[in-house]
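None of the values given here were measured: they were computed from a predicted structure. Values reported hereafter were calculated over all heavy atoms of this structure, with side chains retained and with hydrogens, waters and symmetry mates removed. Letters go in sequence order (proteins before strands), and every chain restarts at 1.
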Amino acid sequence: MSSLIQGKFSKWETVIGLEIHAQIKSNSKLFSSSSTKFGSSPNSQVSLFDAAMPGMLPVINEFCIKQAVKTGLGLKAKINRYSVFDRKNYFYADLPQGYQISQYKHPIIGEGAVTIDFKDGSSKDIRIVRLHLEQDAGKSLHDQNPSKTYVDLNRSGVALMEIVSEPDLNSSHEASLYITKIRSILMYLDTCDGNMQEGSLRTDVNISVRKPGEELGTRCEIKNLNSIKFIKQAIEYEAMRQIKIIEEGGIIEQNTLLFNPQLGKTKPMRSKEEAHDYRYFPDPDLLPLKLEDDFIEIIKKDIPELPDERKKRYINEYKLSNYDSSVLTIEKSISDYFDKVLGCHQDLKKSAKLVVNWITSELFAILKKNEVEIHNSPITPYNLGQLVKLIISNKISGKIAKDVFEDMYKNSLSPEEIVNSRGLAQVTNVKEIELIIDQILKLNYDKVNDYKAGKTKLLGFFVGQAMQISKGKANPKILNDILIKKLS
Amino acid sequence: MEFNTITESLEKINSNKISIVELNDIFINRIKKNKNLNAFIYFDEENISQQIKKIQSSKKNFKLKGIPLAIKDLFCTKNMPTTAGSKILQNFQPSYESHVSQKLLDQGSIFLGKANCDEFAMGSATNTSYYGNTINPISPRGSQLVPGGSSGGSAAAVAANLCLGATGTDTGGSIRQPASFCGVVGIKPTYGLCSRWGIIAFASSLDQAGVFANNIADTAILLREIAGHDNKDSTSANREIPNYFENLNQDMSGKVVGVPKEYILPDIPEDISKIWEQAIKSLERGGVKVKNISLPHTKYALPAYYIIAPAEASSNLARYDGVRYGFRSEEGTSLDEMYELTRSEGFGKEVKRRVLIGTYVLSAGYYEAYYMKAQKVRRLISNDFNEAFNECDFILTPTAPSPAFPIGEKEDDPIKMYLNDIFTVPASLAGIPGISIPFGKSQNGLPLGIQLLSKHFDEQLVLNAGLYLEKNNV
Amino acid sequence: MKIDKNTTLKIAKLCRIKVRDEEIEELSSQLSSILDWVEKLNEVNTDNIEPLNNVSIATLPLRKDKENLQDQSKEVLSNAPEKLENYFAVPKVVE
Ligand SMILES: [Mg+2]
Ligand SMILES: [Zn+2]
């Protein structure tokens, strides 16, 4: 998939590496027992340790380690038996200790990979460099008071996994597919809630441009983007900015940038002379983390079927396309819904594609219109399965099915109940259909002559008339067959 | 003097020969009479009487019932302010009690006050405290000597009988050196024996809590009470704590003492070499075999320490930023200005020097050459001890290279001041236990200390050898 | 290592300590002599020696993931030099 950008004079390739900060799903923080709940009143979930009171010490949360290992396994990555917690030293109002406990030289997870899928059926592997554990910072609020910044430490110390990719991404589209895929894997694993609005998934984008085949250019880092839309916008803006500078004879300065969504622009975060020197060193309050094989084996048993495996299963068992399968599996809730529908009846497995169409067109549309999440859908997987079954067994036509579907959504009824109470069952009785056809042929005597004279396009008109009389219930195939027979 | 040991006082309290109030009044009056020593940063009679009331009304079987103690102002205390000797923590009132001091409270001891110390335990003379110098009570008439440091207030308070025992912390000698200067016993246990939780951190990989007392028996009693595993400190060792007091045994026959040749320095005063020899001879008379040993990397201990400790300190002290507690400069309109002014006004000279050195040795381009190098040398020093302990059971050295010196001396030369810890720092880097006990006097009649070192968690052995030397002094 | 005035100022900035003009000279020379002194370590051959970062015998203890739901904000804010509406307040940060 070509993703080169046309500059003024030549084509450019964008080179992107991402650092994703994923908040670990856990009850308590990485080094303290404060709650990780989102949206509580200011400083209500802050322990003495989180506030860096003198003499307070960190004690690590075992579950957070398990979550990191689980994620590492999900990313097909190397689990490091030995890792070290380091201090990353810098000053900021919402960093109470004056350092962040992170992992630098020896992260808990090493190299891994994820696959992204394109619409044309192709795919691409993105390499993961590492995943390490670290503390989240608190929050600074700059607009509560004209002369003050307010500091809320509720988030301070919540566990993060920083997932660092190789610069294997070459467009904003690839970046968005990659983040979507990582988010999907995390949610399948249940190691992160994936809630981007609440900041559970935040991304730093490292971006440079070059002419295809040339050396890597100087990169800039865009910090802390918390929506896929902004990530795409920021990448597109920044790539063009860099291309423009180079094409005008300038050079790119390595810089840390912030993206302003209102303006759609990036701007430097701090000037050069204030460049950070984090002075990493092993945290003397914590000993190295050593993982035993047993510990990892137990976690392995807990790994659910992941999107790629599900995708393969759909392709193999249901003969679905690569693209359909990846659309279904990217959101665990959709894929779970689909699996439940197919679980309703053996016959549905042969009509999986029909089920996919019902989910991705009718169901998505109605859920979106009503702003309902799929796991809360008033149409249960079982009922949707029954509906598709009615179609494939010719009990109702596809057209009637849409009508039934609307009714199912509104009244949470089963399709049989609706079909029966409204008398919508398809008419397959040949005699009954013959009667209808005779009726319309008699009424449209002139058109019958036209047809016989060669105007065969009129067949659609007769079908329409007959259907109208049957209130859409006549089996279309039988109807068609009889019509043709009677007209010839 | 009556009531100058814990053992005696406990016996009299438990047999109702004296009440807790009466016992503590003796010490309260002494503190009031000796205000000039400036041994305490915080002392409040009302606070003491509250504590006494609580102990009196309790039916619990306390092991340190009514025993008056001084707590180094580096331990966070729930009912007394805690400053670490720094302006930056002026008026800081912790809402929590350090693990070690809580254990002492749980046994019914009385905290008379918070003992003065060098600012953030950085010093060897208790002259960097924002709250003024502490004066060594053994100062001859007309002179003022330093008590050593950083736990100088604790050592001075015990030496002047202002309390029966005191807590201290030792990062590179901060218990042993002042014990030597003041003529009291001071022990720095194995790293990890006592919890660091609630103790204001200086250099986390070196900091250890310990105690001062007037003799070995009292030291053993106090050490037993403060030692023990704490799940709030991830470096705390999970081990059975022996009853050091009951296990005291001065029979040293058959033991091997190591005498490291690298501790024989050319410019050490003669009287110090003399007491060292006397101690060796005394042990020999008790049936101890003397072995000359080598700790080849000894002379690199101090430089390694003065990289590692400031590096950790520069990070540990980053939290003092005027945001959540402590002093904040009134000036400064931006956040960075507020930080810089707060830390510049709130920290004293020595602390700032060490924070700057520590920042430098960790900074980009220098980490490998300084910090990493120092940690490698630390490994060699630790290996030296491991090898030595294949040949001997414990090691005997002087505690400090000089007796207590006059206040004001060495003040303008940081390196000269750092050399005070030359004999104590190696054991800190290796994390092994060390004790200083008074042994002999200098030509001018000042107390001198002798240091005993042993393997990790072999506190009992240094206590026993200390007891032997205490009973077989010159 | 000779620490010049600029280096002193650079480190001071990193650790957020204001150094006044009249202090720079003396401080730089003190830092220089301390660094000169510790450079004695260069005499030691440390090839193939692993750094010793910690002397504790413990293995890293792991805590159970149990949350404390108690609101400790009163305790946590009680020493704050400036607090407003249950927030710590600092001079305005312009980003
Ligand atoms: Mg980053
Ligand atoms: Zn990070």
[options]: which one forms the most heavy-atom pairs within less than 4.5 Å of chain B?
options                            : answer
C:Lys83, C:Arg63, C:Glu43          : C:Glu43
C:Gln72, C:Glu39, C:Glu23, C:Glu26 : C:Glu39
C:Ala12, C:Ala80, C:Ser78, C:Ser33 : C:Ala80

Inset, instruction - Mark yes or no: B:Lys87 above the aromatic ring of B:Phe327, with NZ or CZ under 6.0 Å from the six-membered ring centre and no more than 45 degrees from the axis. - result: yes
Inset, instruction - May I ask you to decide whether C:Lys13 forms a salt bridge with B:Glu340, counting only side-chain N to carboxylate O separations under 4.0 Å? - result: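 Here C:Lys13 pairs with B:Glu340 in a salt bridge, since their nearest N and O are under 4.0 Å apart.
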Counting heavy-atom pairs closer than 4.5 Å to chain C, which one of [options] comes out on top?
options                                : result
B:Ala430, B:Ser382, B:Gly192, B:Ser314 : B:Ala430
B:Phe92, B:Tyr339, B:Tyr300            : B:Tyr300
B:Ser205, B:Ser234, B:Ser315           : B:Ser234

Inset, instruction - Kindly check if the number of other-residue, nucleotide or ligand heavy atoms within 6.0 Å of CD (C:Glu25) is above 12? - result: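 It does not: C:Glu25 CD has 12 such atoms or fewer within range.
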Legend entry - C:Lys92 atom NZ: more than 12 heavy-atom contacts under 6.0 Å: yes
Which bit of [X] comes within less than 4.5 Å of chain B, counting heavy atoms only: side chain, backbone, both or neither?
X       : result
C:Arg20 : side chain
C:Leu77 : neither
C:Glu50 : both
C:Ile57 : side chain
C:Asp36 : neither

Inset, instruction - Establish, from distance only, whether the side-chain atoms of B:Ser454 and B:Glu459 form a donor-acceptor pair under 3.5 Å. - result: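 Result is no, nothing qualifies.
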Legend entry - Donor + acceptor pair across side chains of C:Glu75, B:Ser95 (<3.5 Å):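 Indeed, the side chains of C:Glu75 and B:Ser95 share at least one donor-acceptor pair under 3.5 Å.
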Legend entry - Pairwise side-chain contact, B:Arg378 with B:Leu206, heavy-atom cut-off 4.5 Å (strictly under):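 B:Arg378 vs B:Leu206: side chains touch.
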